[in-house]
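By convention in this document, chain letters (A, B, ...) are assigned in the order of the sequence lines, proteins followed by strands, and residues within each chain are numbered from 1.
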Protein chains: 2
Amino acid sequence: MKTMVEIALTPVSYLVLGEVARRGSATPYDLKVSVAESVGNYWSFPHAQLYKEPPRLAAAGLLAEEREAAGRRRRIFRITEAGRHRLQEWLSSADSGRTELRDLGLLKLAFADLGRPGDVARLARAQAVAHRAHLEVYRTLAALPADAMVWSLRRTLDLGFAYERLMAEFWERLGADPALVRTPPPPADSARPTRDAPSQGAAAAVGSAGDVVASPGTQVVPDDVAAEGGGVG
Amino acid sequence: MKTMVEIALTPVSYLVLGEVARRGSATPYDLKVSVAESVGNYWSFPHAQLYKEPPRLAAAGLLAEEREAAGRRRRIFRITEAGRHRLQEWLSSADSGRTELRDLGLLKLAFADLGRPGDVARLARAQAVAHRAHLEVYRTLAALPADAMVWSLRRTLDLGFAYERLMAEFWERLGADPALVRTPPPPADSARPTRDAPSQGAAAAVGSAGDVVASPGTQVVPDDVAAEGGGVG
DNA sequence: CCACAATCGTCTGACTCGGACTATCGCTCA
DNA sequence: TGAGCGATAGTCCGAGTCAGACGATTGTGG
């Protein structure tokens, strides 16, 4: 068994290994489709990678490649013993890196103090709608019969659901914050204070009216609620 | 004012623009530090990018670059009118792309049916600990005086907190699932069924004992709890 | 003046990303 | 039967991302 070089495996690698292992065999397109309706719900992988990764894994001896006999003669991949082993190894290791919450809306909110008064409210509405919509997708998935999906995958989708709910509620709450709708006292038109002296304002809001939007009344993190259960299970 | 080419802005770009705008001026190192203790809590940006991006933005006319007079003669960046404008524009647009939950632990769980019996329990424990730990970080941040942080940023950290709590509870609940600890009926040693015929098993578990771990009793997504509030605000 | 830690910064190379672009298939309607 | 068409399937590309190794500078105490 040619051991080839031991390549470094990335998340995509394991995704591919896992998906191929589970299905027995798969074409890149198969991967693309099944990833889209499973893990892709919370972690999106560009499809180009699902085409590029299998050959790479095959070159490393972790997958075996064949071709369809007729028709499009697509590449079909199966996992090898070496591949199985690497997958196992990964599954057995408890350490997983940092968790990442990549949400452009959140990033926007982080800098919302630099924006114009109406911005946050608009953003909050849009975000709430988007998350509610995704919530529906999860609901559909959850309604699938028990045998449509392995238990472990389903658990992750449960979490996806809970996550979307958390987000939806967060934005709805934020949007409902009275501090967001009242108080545009400094007319929104005086929005260019530091116009020609950009280097002058040490902590100046980009469009002024920054901290006007600040909501004084809302407390930070309710220390005490830590136990009340988000309702994941 | 030389308009230069209008470059495409990525999340890092806005992060840098925003941070520079807020501080008035910043060196890449400043960015690295303040990002680490704010947005970096839920969305980590490799520090190399915080060194690379400002010059890029400067080349596009969105930042202005100077140097310290003495000492290390570090690069100091300030936002320009053009930069302010682009930032504003972004802050005003309500659409933000997909939200992403990049969590290796979750990916692992998704394929846990292919693993060995004890794996999930171990993973769950480790994940729970990690999330509880990060929860503490957020608690510390939340304890900071009101003027230590703009309201908008604080809101996002609130969400980060809620997110970590959600995760911690998810993994704890999962780890507590009796189905995980009982039932290693098929001896864990028969773990290599398809040893020499890797292509045979259409849906075979990598290490067998796959669906044994499945927890039949746990319902999928409690439709009704959608209103009970995760406790973000 | 050296040692040493903390601060500060650069570089590299493999991988990621998303979207434009191409090709093939199966079907329908003229 | 073959042009049109939507779904399926795959390729390509260049800019951006990423982690981590590495290098340089500064401040402090001995």
Side-chain angles (χ1 to χ4, degrees), chain A residues 4-17 25-37 39-40 43-60 62 65 67-77 95-100 102-104 107, chain B residues 4-17 25-37 39-40 43-60 62 65 67-77 95-100 102-104 107:
Chain A
M4 346 295 275
V5 275
E6 175 124 325
I7 60 171
L9 299 188
T10 67
V12 218
S13 313
Y14 293 113
L15 178 67
V16 169
L17 283 179
S25 73
T27 67
Y29 184 72
D30 290 336
L31 297 176
K32 169 183 159 182
V33 170
S34 63
V35 165
E37 59 199 20
V39 174
W43 187 340
S44 85
F45 298 88
H47 68 277
Q49 282 188 231
L50 301 180
Y51 281 91
K52 243 190 282 186
E53 191 65 11
R56 183 177 157 255
L57 294 176
L62 305 182
E65 179 177 347
R67 293 198 97 99
E68 283 180 336
R72 295 195 186 197
R73 300 187 41 73
R74 297 180 292 182
R75 295 165 162 207
I76 298 178
F77 295 89
D95 67 299
S96 320
R98 272 172 76 31
T99 189
E100 295 250 341
R102 302 200 174 187
D103 189 300
L104 222 20
L107 191 61
Chain B
M4 345 294 274
V5 276
E6 175 126 325
I7 60 170
L9 298 188
T10 68
V12 218
S13 313
Y14 293 114
L15 178 66
V16 169
L17 283 179
S25 74
T27 68
Y29 184 73
D30 291 337
L31 297 177
K32 170 183 160 183
V33 171
S34 63
V35 164
E37 60 198 20
V39 174
W43 186 342
S44 85
F45 297 87
H47 68 277
Q49 283 188 229
L50 301 179
Y51 282 89
K52 241 191 284 188
E53 191 66 10
R56 184 177 156 254
L57 294 175
L62 304 181
E65 179 177 348
R67 294 198 96 99
E68 283 180 336
R72 295 196 186 201
R73 301 188 41 74
R74 297 180 294 180
R75 295 165 163 207
I76 298 176
F77 294 90
D95 68 299
S96 320
R98 274 172 71 34
T99 189
E100 295 250 342
R102 303 200 174 187
D103 189 300
L104 222 23
L107 192 61

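Going from atom CG of Leu50(A) over to atom P of dC12(D) covers 17 Å, rounded to whole Å. Atom CZ in Arg74(A) sits about 12 Å away from atom P in dT11(D), given to the nearest Å. Going from atom CH2 of Trp43(A) over to atom P of dG18(C) covers 13 Å, rounded to whole Å. Whole-Å rounding puts the Lys32(A) NZ to dC17(C) C1' distance at 15 Å. Taking atom CD1 of Ile7(A) as the reference point, atom P of dA14(C) lies 12 Å away to the nearest angstrom. Atom CD in Glu65(B) sits roughly 12 Å away from atom P in dG9(C) (whole-Å rounding). Protein atom CG of Leu9(B) is 10 Å distant from nucleotide atom P of dG16(D), rounded to whole Å. Atom CZ in Arg56(B) sits roughly 17 Å away from atom P in dT10(C) (whole-Å rounding).
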Evaluation steps, side chain to side chain contact (heavy atoms under 4.5 Å, CB included), between Thr10(B) and Leu15(B): CA-CA 9 Å; Thr10(B) 68; Leu15(B) 178 66; over 6 Å; no
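Under the rule for a ring-ring contact (aromatic ring centres under 6.0 Å, His included), Tyr51(B) has no partner lying at least two apart in sequence or in another chain. Residues satisfying the side-chain contact (heavy atoms from CB on, under 4.5 Å) test with Arg102(B), not counting sequence neighbours, are Trp43(A), Glu100(A), Arg102(A), Glu100(B). Listed by chain and residue number, nothing satisfies the side chain to side chain donor-acceptor pair (under 3.5 Å) test with Glu37(B) (two or more places apart in sequence, or in another chain). Considering only residues two or more places apart in sequence or on other chains, Arg67(A) meets the side chain to side chain donor-acceptor pair (under 3.5 Å) condition with none of them. Residues satisfying the side-chain contact (heavy atoms from CB on, under 4.5 Å) criterion with Pro46(B), sequence neighbours excluded, are Gln49(B). Every side-chain contact (heavy atoms from CB on, under 4.5 Å) that Thr99(A) has, sequence neighbours left out, goes to Asp103(B), His131(B), Tyr163(B), Glu164(B), Met167(B).
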Got a list of protein N/O to nucleotides 25-28 of chain D N/O distances below 3.5 Å?
residue : atom : partner  : partner atom : Å
dT25(D) : O2   : Arg72(B) : NH2          : 2.8
dT26(D) : OP1  : Gly71(B) : O            : 3.4
dT26(D) : OP1  : Arg72(B) : N            : 3.3
dT26(D) : O4'  : Arg72(B) : NH2          : 3.1

Protein-nucleotides 19-23 of chain D N/O pairs closer than 3.5 Å?
none

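Val16(A) places none of its side-chain heavy atoms less than 4.5 Å from the side chain of Val35(A).
Arg98(A) comes within contact range of no nucleotide atom at all, as no heavy-atom separation falls under 4.0 Å.
Taking only side-chain nitrogens and oxygens, Gln49(A) comes nearer than 4.0 Å to OP1 or OP2 of dC17(C). Between Thr10(A) and the phosphate of dA14(C), there is no side-chain N or O to OP1/OP2 separation shorter than 4.0 Å. At the phosphate of dG9(C), OP1 or OP2 sits under 4.0 Å from a side-chain N or O atom of Tyr51(B).
Pairs of residues two or more places apart, or lying in two chains, that qualify as salt bridge (charged side-chain N to carboxylate O under 4.0 Å, His left out) and include a residue from residues 45-56 of chain A are Glu53(A)-Arg56(A).
Candidate nucleotides dT16(C), dG10(D), dT17(D) were compared by shortest atom distance to the side chain of Val12(A), and dT16(C) ranks first.
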